[in-house]
Amino acid sequence: GGRIWAQGAYHAAGVGAGYGNTAYNEGSRQHGAVTGANRSKYYLKCGDITINGGYIESHGGEHGGAFGAACVTTAQGCTIRVTGGTLLARPVASMYAFDGNGGTVYITGGSVDASVGQGFRMGNNATYALDANGGKVFMTTIDLSAEGFKDNVILPETWEVSIAGSKYTYGAPYSFDKGKLYLWVPEASAGKTISVECSYLDKNGEERHLEPMYIEEADKGGGSVLK
């Protein structure tokens with residue numbers, strides 16, 4: 001994976017759809033996006049978006065999400081899927097971090113900061129994301145900033161997540177962000193112990209193992225912190 005900094009135009013998403021009103025401009029769009037009639041205007045779809053790794057900071061425009069749909073577009077029938085990497089979603093306050101309007105958003109790995117803006121949107125105005133089995137997920141945080149870990153310089157080399165003592169398949173982040181990781185685990189893990197074991201490469205390229213990090217009785221309200 002590499003590093004990407006994306007900025008959407010005024011009507012566009014950072015990663016995803018451009019302006020979708022074809023009465024004015026066909027515009028650029030995500031690979032696989034198609035057009036469809038809706039009332040008196042023509043709307044585009046953002047297309048499927050899959051992110052497997054890398055470090056992505058995505059800023060949506062005034063009328064676009066950080067990831068996904070934008071002005072006069074939808075995600076109808078589309079899938080936004082994150083399996084790994086470090087994602088910082090940075091929409092404006094009134095827009096969505098992940099705008100899957102009409103579609104589906106899955107998070108099965110990675111560090112995903114969706115705290116800015118309106119969070120998630122899917123079909124039927126659902127305001128959450130899903131795991132691989134279609135269940136709701138909630139955020140839990142790893143915070144090593146007090147241990148001196150700085151901005152995105154620590155890259156996980158080996159990675160394992162466990163819930164209630166059983167291994168949970170969850171893709172690795174690309175790096176910490178200011179000493180933090182934001183993981184999304186199944187709603188069914190609320191009240192259970194979540195633990196993470198990982199190692200990283202130091203500035204000399206040598207692998208270093210961290211002590212296991214865990215939280216007992218994880219809070220699905222998003223306030224749990226693993227240390």
Side-chain angles (χ1 to χ4, degrees), residues 1 4-132 134-139 171 182 184 222:
I4 296 173
W5 190 94
Q7 172 65 62
Y10 190 89
H11 292 288
V15 174
Y19 187 33
N21 188 345
T22 59
Y24 293 95
N25 179 21
E26 181 71 16
S28 60
R29 57 188 184 271
Q30 186 75 16
H31 178 70
V34 297
T35 60
N38 188 332
R39 297 179 182 173
S40 61
K41 296 181 180 180
Y42 289 90
Y43 286 72
L44 301 178
K45 300 178 182 181
C46 68
D48 294 330
I49 299 171
T50 300
I51 297 172
N52 299 316
Y55 183 95
I56 304 173
E57 180 175 337
S58 180
H59 296 252
E62 290 295 316
H63 291 171
F67 295 88
C71 188
V72 203
T73 67
T74 74
Q76 186 70 39
C78 302
T79 299
I80 301 172
R81 188 184 306 274
V82 181
T83 69
T86 295
L87 279 65
L88 307 181
R90 297 294 182 259
V92 298
S94 61
M95 302 304 292
Y96 292 89
F98 287 81
D99 194 347
N101 181 22
T104 311
V105 180
Y106 293 96
I107 300 181
T108 60
S111 174
V112 180
D113 182 359
S115 62
V116 179
Q118 300 301 306
F120 299 97
R121 177 165 68 164
M122 298 195 301
N124 297 319
N125 290 318
T127 55
Y128 49 82
L130 303 175
D131 62 20
K136 296 179 184 179
V137 294
F138 68 92
M139 187 185 75
Y182 305 94
W184 295 81

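- Looking at F67 and L87, their side chains come closer than 4.5 Å, going by heavy atoms from C-beta outward.
- When all heavy atoms of G68 and A13 are compared, the closest pair comes out as O-CB, 3.4 Å.
- The backbone N or O of Y182 sits less than 3.5 Å from a side-chain atom of S111, completing a donor-acceptor pair.
- Between Y10 and H63, the two ring planes are perpendicular [angle over 60°; tilted spans 30° to 60°].
- Using a 4.5 Å cut-off on side-chain heavy atoms (C-beta onward), I51 and I56 make contact.
- Between the CD atom in E57 and the CD atom in Q7 there is a gap of 9.5 Å [rounded to 0.5 Å].
- Aromatic rings from Y128 and W184 are positioned such that their centres are separated by 6.0 Å or more.
- Using a 4.0 Å cut-off between a side-chain N of Lys or Arg and a carboxylate O of Asp or Glu, R90 and D113 qualify as a salt bridge.
- Under the side-chain contact (heavy atoms from CB on, under 4.5 Å) rule, M122 has a single partner from N101, L130, T79, I80, which is L130.
- Side-chain contact check for F120 versus V105: some heavy-atom pair is nearer than 4.5 Å.
- Taking each heavy atom of A75 and G100 in turn, the nearest pair found is CB-C, 3.5 Å.
- Counting heavy atoms from C-beta outward, P91 and Y96 have side chains that stay 4.5 Å or more apart.
- Side chains of V112 and F98 form a contact here, defined as non-hydrogen atoms less than 4.5 Å apart.
- Here T73 contributes atom OG1 and K45 contributes atom NZ; the two are 11.5 Å apart, rounded to the nearest 0.5 Å.
- In this structure, S58 contributes its side chain and A66 its backbone to a donor-acceptor pair below 3.5 Å.
- At a threshold of 4.5 Å between non-hydrogen side-chain atoms, the residues Y55 and L88 count as touching.
- Taking all atoms of both residues into account, the shortest heavy-atom contact from A70 to A17 is CB-O, 3.5 Å.
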